Peer 1: 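Below you'll find the structure I mean.
Naming: A, B, ... by sequence-line order, numbering from 1 per chain. From a predicted model like this one, the values you see are computed outputs, not experimental measurements.
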There are 2 protein chains.
Amino acid sequence: MAGVSTTETTNAPIPINETERLIASDKVGGTAVNNRQGGRLGEVYNFMVDKLTGQVAYAVMGFDGFLGIGERYHPLPWKTLAYDTRLGGFVIDLTRDQLERAPSYTLEETPWAGPKYGRSVHDYYDIP
Amino acid sequence: MAGVSTTETTNAPIPINETERLIASDKVGGTAVNNRQGGRLGEVYNFMVDKLTGQVAYAVMGFDGFLGIGERYHPLPWKTLAYDTRLGGFVIDLTRDQLERAPSYTLEETPWAGPKYGRSVHDYYDIP
């Protein structure tokens with residue numbers, strides 16, 4: 001329970017543990033999302049986090065270069081994603097065609113207010 | 001796999017499920033942190049999220065009204081926190097005295113770069 005000096009680690013060598021694993025919630029935006037075919041699908045806009053368990057339920061993905069009004073955001077269930085530390089981004093087994101038919105919304109919409117929206121997203125990706 | 005209409009839920013009644021459970025990662029800031037004695041300790045500044053598991057590892061707390069230069073931020077292991085849906089905030093079993101001796105850092109410091117920082121935080125709170 002001794003006091004912890006936080007300054008002693010400021011000049012630490014290249015991070016090999018915590019920062020490989022941890023990302024600040026206000027810095028998740030922009031993380032790449034690729035598919036297993038090697039294509040870039042987009043980038044993370046934000047995470048939807050379960051307040052009771054602390055588990056990220058969805059990574060919401062936007063398309064590169066089309067952020068803003070009219071842009072469609074795709075919620076991807078966490079279980080569909082794998083974080084690739086080498087790429088520094090997420091990988092998902094999803095073609096562009098499958099993505100285009102997937103649930104999405106604009107920033108003018110508030111789909112999460114509906115209790116069944118999360119269920120419909122999970123159903124699309126065949127996640128129990 | 002049918003297309004999902006996101007507009008049909010826009011005028012949904014008071015959210016009872018998803019929004020009770022989910023919060024966007026860019027909206028976690030400001031969530032209250034109280035202690036079990038009923039006092040308000042501060043508010044969430046951000047979450048530190050494990051990129052591999054999607055589990056929030058720490059809620060980083062700042063003090064109300066003292067954000068900014070010189071302000072100290074306290075990382076609280078997720079396991080020390082309970083989300084109280086009635087209060088709309090987190091509750092932790094921690095006195096102000098214990099908080100004052102707890103690990104903290106300023107925004108000018110980058111303690112997470114050190115591989116042992118997370119361990120030291122967990123040790124302070126007696127979390128395995």
Side-chain angles (χ1 to χ4, degrees), chain A residues 1-4 6-10 12 14-29 31 45-60 78 81 83 85 90 98 101-106 109-118 120-121 123-124 126, chain B residues 1-4 6-10 12 14-29 31 45-60 78 81 83 85 90 98 101-106 109-118 120-121 123-124 126:
Chain A
M1 300 280 284
V4 172
T6 54
T7 53
E8 73 185 33
T9 57
T10 302
I14 298 169
I16 56 171
N17 188 345
E18 293 296 340
T19 47
E20 287 284 320
R21 293 294 298 258
L22 299 179
I23 187 169
S25 56
D26 48 340
K27 302 283 174 60
V28 300
T31 304
Y45 173 67
N46 65 12
F47 287 164
M48 297 298 292
V49 184
D50 187 313
K51 291 180 280 192
L52 301 186
T53 66
Q55 175 66 42
V56 175
Y58 307 93
V60 180
W78 182 265
L81 298 164
Y83 188 79
T85 53
F90 293 101
Q98 289 172 318
R101 295 193 302 275
S104 66
Y105 53 90
T106 70
E109 297 170 303
T110 56
W112 299 109
K116 293 176 182 171
Y117 185 69
S120 71
V121 175
D123 285 348
Y124 183 84
D126 281 333
Chain B
M1 301 281 283
V4 172
T6 55
T7 53
E8 73 184 36
T9 57
T10 303
I14 297 169
I16 56 171
N17 186 346
E18 292 296 339
T19 47
E20 286 284 321
R21 292 294 297 258
L22 298 179
I23 187 168
S25 56
D26 49 339
K27 303 284 174 61
V28 300
T31 304
Y45 173 67
N46 66 11
F47 288 164
M48 297 299 292
V49 184
D50 187 314
K51 291 180 279 193
L52 301 186
T53 66
Q55 176 65 43
V56 175
Y58 307 92
V60 180
W78 183 266
L81 298 165
Y83 188 79
T85 53
F90 294 100
Q98 289 172 318
R101 296 193 302 274
S104 66
Y105 54 91
T106 70
E109 298 170 302
T110 55
W112 299 108
K116 294 176 182 171
Y117 186 68
S120 71
V121 175
D123 285 348
Y124 183 83
D126 281 333

Peer 1: Do A:R21 and B:T53 have side-chain heavy atoms sitting under 4.5 Å apart?
Peer 2: yes

Peer 1: So which part of A:T85 gets closer than 4.5 Å to some heavy atom of chain B, the side chain, the backbone, both or neither?
Peer 2: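 The side chain, not the backbone.
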
Peer 1: Just wondering, do B:Y45 and A:D26 contact through their side chains at under 4.5 Å, heavy atoms?
Peer 2: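 Heavy-atom side-chain distance check passes, below 4.5 Å.
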
Peer 1: Side chain, backbone, both or neither: which part of A:V49 has a heavy atom under 4.5 Å from chain B?
Peer 2: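 For A:V49, heavy atoms of backbone and side chain both lie under 4.5 Å from chain B.
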
Peer 1: Out of B:V56, B:L52, B:L81, B:V60, return the one with the most heavy atom pairs under 4.5 angstrom to chain A.
Peer 2: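 That would be B:L52.
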
Peer 1: Go through B:G29, B:A24, B:S25 and name the one with the most non-hydrogen pairs under 4.5 angstrom from chain A.
Peer 2: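 If we count pairs closer than 4.5 Å to chain A, B:S25 comes out on top.
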
Peer 1: Hey, could you give me the CE/CG distance between B:M48 and A:L22, rounded to the nearest 0.5 Å?
Peer 2: 5.0 Å

Peer 1: To the nearest 0.5 angstrom, please state how far the CG atom of B:D50 sits from the CD atom of A:Q55.
Peer 2: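 Rounded to the nearest 0.5 Å, the CG-CD separation comes out at 9.0 Å.
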
